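Structure first, then comments.
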Amino acid sequence: MFISKELRKKNIAEYLLYMWQVEDTIRAFGCSLPRLRREYVERFDYSDEQKEELIDWYGNLIRMMNEEGCRERGHLQINRATLQLLTELHLQLLESPKFPFYNAAYYKVLPFIVELRSRGAHKDEGEIETCLNLLYGVMMLRLQKREISPDTQHAVKEISNLVGMLSDYYKQDKEQPLFD
C-alpha cells in the first residue's frame, strides 16, 4: 500500500506492475487475509498501526478480487481502468504529430509486440498490455533467478523505453493536459 501510493505518483507503469504483483501475492496466500497477515505482513518492519493499515488494504483487495471474479487470474477493475487510461494516452500520442520521439520508439518496438502477440495466449490484448505483460513476466523470471535470453533482454530494453516514455507523458498529462 505504501509502495503503491508512491509509485502511482511517480511512474504509472511501475505502479501497475506492482499491483499485478500484489494480486499474485494475494493469490499465493489463497486469498486468505489471516494467512497474509501471519505469513507475509508480519515480516515487515512496520509499526503496528502501519501493519493494520496494510491488512485493511489487503482485505479490501481480497474482497474486490472475490467480487470481481479474479481470485484465480485476471486483474482488478481498478488495474484494468489504469491500463485503459494508459492505452488511450498511447493512442493519442501516436495520432499526434507533436510526439515524434514517442512514435519512433513505438515503431522500434512494434516488431517485438507483433512477435509476442503471435506467440501469446492473449492475442486480443492491446499493445500496451502486451508490453506490460512482457515486463511483468521478465520481472518474475528475475525474481526466480532464471536466465533471460539476450533477444528477450533486447526486447525488454526497447519496450521499457517506450513504456517509460508513456509513463512520463501520463504524469505530464495529469499535471497539465497534453491534449485539448
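Position 1 is the first residue of the sequence, and the numbers go up from there. Because the structure is predicted, anything quoted here is derived from the model rather than measured.
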Euclidean distance, [Y] [atom2] relative to [X] [atom1], rounded to 0.5 Å:
X	Y	atom1	atom2	result
Tyr106	Glu127	OH	CD	3.0 Å
Phe179	Phe99	CZ	CZ	4.0 Å
Glu115	Thr130	CD	OG1	12.0 Å
Leu110	Glu158	CG	CD	13.0 Å
Ile12	Leu89	CD1	CG	11.0 Å
Ser118	Ile113	OG	CD1	12.0 Å

Is the number of heavy atoms from other residues, nucleotides or ligands under 6.0 Å of [X] [atom1] greater than 12?
X	atom1	result
Glu49	CD	no
Lys174	NZ	yes
Glu72	CD	no
Gln153	CD	yes

Closest approach of [X] to [Y] (non-hydrogen atoms, all atoms of both residues):
X	Y	answer
Gly59	Leu33	N-CD1, 3.7 Å
Phe112	His154	CZ-CD2, 3.3 Å
Pro97	Pro100	O-CD, 3.8 Å

- Query: When the aromatic ring centroids of Tyr169 and His90 are compared, is their separation below 6.0 Å?
  - Reply: no
Is there a side-chain contact between [X] and [Y] (heavy atoms, below 4.5 Å)?
X	Y	answer
Arg8	Tyr18	no
Tyr15	Asn79	yes
Leu178	Lys98	no
Lys108	Leu162	no

- Derivation and outcome, side chain to side chain contact (heavy atoms under 4.5 Å, CB included), residues Ile3 and Val22: CA-CA 11 Å; Ile3 295 169; Val22 167; over 6 Å; no
Inset, instruction - Fit a plane to each ring of Tyr40 and Phe29, take the angle between them on a 0 to 90° scale, and name the class: parallel (under 30°), tilted (30 to 60°) or perpendicular (over 60°). - result: tilted
Inset, instruction - Using only heavy-atom distances, determine whether the side chains of Gln84 and Glu88 contain a donor-acceptor pair under 3.5 Å. - result: yes
Applying the 4.5 Å side-chain criterion to the ILVMFWY set and letting contacts propagate, would [X] and [Y] be lumped into a single cluster?
X	Y	result
Tyr58	Tyr46	yes
Leu91	Leu93	no
Leu141	Ile159	yes

Are any side-chain N or O atoms of [X] and backbone N or O atoms of [Y], one a donor and one an acceptor, separated by less than 3.5 Å?
X	Y	result
Arg37	Lys51	no
Arg71	Arg27	no
Asn133	Glu129	yes
Ser167	Asn11	no
Asn66	Ile62	yes

Using 4.0 Å as the upper bound for N to carboxylate O, is an ion pair formed by Lys171 and Asp168?
no
| said: Taking Arg73 first and then Glu23, would you say they form a salt bridge - that is, a charged N and a carboxylate O separated by under 4.0 Å? | reply: no
message: Could you walk me through whether Leu16 and His75 satisfy the side chain to side chain contact (heavy atoms under 4.5 Å, CB included) test, starting with their C-alpha distance in whole Å, then the side-chain angles of each, then the deciding distance to 0.1 Å, before giving a yes or no?
response: CA-CA 10 Å; Leu16 202 49; His75 300 296; over 6 Å; no
If you apply the rule side chain to side chain contact (heavy atoms under 4.5 Å, CB included), what do you find for Leu17 with Trp20, and how did you get there?
CA-CA 5 Å; Leu17 293 172; Trp20 288 1; 4.1 Å; yes
> What's the verdict on side chain to side chain contact (heavy atoms under 4.5 Å, CB included) for Met19 and Ser4, showing C-alpha distance, side-chain angles and the deciding distance?
Replying inline: CA-CA 7 Å; Met19 289 304 296; Ser4 71; 3.9 Å; yes
